J.: 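Shown below is the structure under consideration.
Computed from a predicted model, the values in this text were never measured in an experiment.
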Amino acid sequence: MAKVQIKNRYDPNVVVYECEAPEGTQNTMKFAIEKAVAEKANLGGANLGGAYLGGANLGGANLGGANLG
């Protein structure tokens, strides 16, 4: 398993969400974001810049203040 961390957009030392992605997962960041959304985690202020989220289900996600660039 690979540890995936989603960090704060303003302070990269702050982890907003963390999980383990199964070995062989192609897009670990997408996996982590979808898992966080499913768990209703607050991703406000998260740095998601550069993440490829094509086809991701983000319905109900709290992304207030997140960097989506």
J.: For Asp11, enumerate each residue passing the side-chain hydrogen bond (donor to acceptor under 3.5 Å, both in side chains) test, keeping only those at least two apart in sequence or located in another chain.
T.: Asn13

J.: For a quick test of reading the model, state the closest non-hydrogen atom pair linking Ile33 to Leu43 and the distance between them.
T.: CG2-CD1, 4.2 Å

J.: Could you tell me which residues satisfy side chain to side chain contact (heavy atoms under 4.5 Å, CB included) with Glu20, sequence neighbours excluded, listed by chain and number?
T.: Met1, Lys3

J.: Which atom pairs, one a donor and one an acceptor, fall under 3.5 Å between side chains of residues 55-65 and the rest of the protein, sequence neighbours left out?
T.:
| from | atom 1 | to | atom 2 | distance (Å) |
| --- | --- | --- | --- | --- |
| Asn57 | OD1 | Gly59 | N | 3.1 |
| Asn62 | OD1 | Gly64 | N | 3.2 |
| Asn62 | ND2 | Asn42 | OD1 | 3.2 |

J.: With Pro12, which residues qualify under side chain to side chain contact (heavy atoms under 4.5 Å, CB included), at least two apart?
T.: none

J.: For Ala21, check side chain to side chain contact (heavy atoms under 4.5 Å, CB included) against everything at least two apart and list the hits.
T.: Val4, Thr25, Thr28, Phe31

J.: Any pair with a residue in residues 47-69 that passes salt bridge (charged side-chain N to carboxylate O under 4.0 Å, His left out), sequence neighbours left out, goes on the list, sorted by first then second residue, please.
T.: none

J.: With sequence neighbours excluded, tell me which residues meet side chain to side chain contact (heavy atoms under 4.5 Å, CB included) with Glu39.
T.: Tyr17, Lys35

J.: Any chain of hydrophobic side-chain contacts (each under 4.5 Å) joining Val16 to Leu53?
T.: yes

J.: According to the salt bridge (charged side-chain N to carboxylate O under 4.0 Å, His left out) rule, which pairs have a member within residues 45-69, sequence neighbours left out?
T.: none

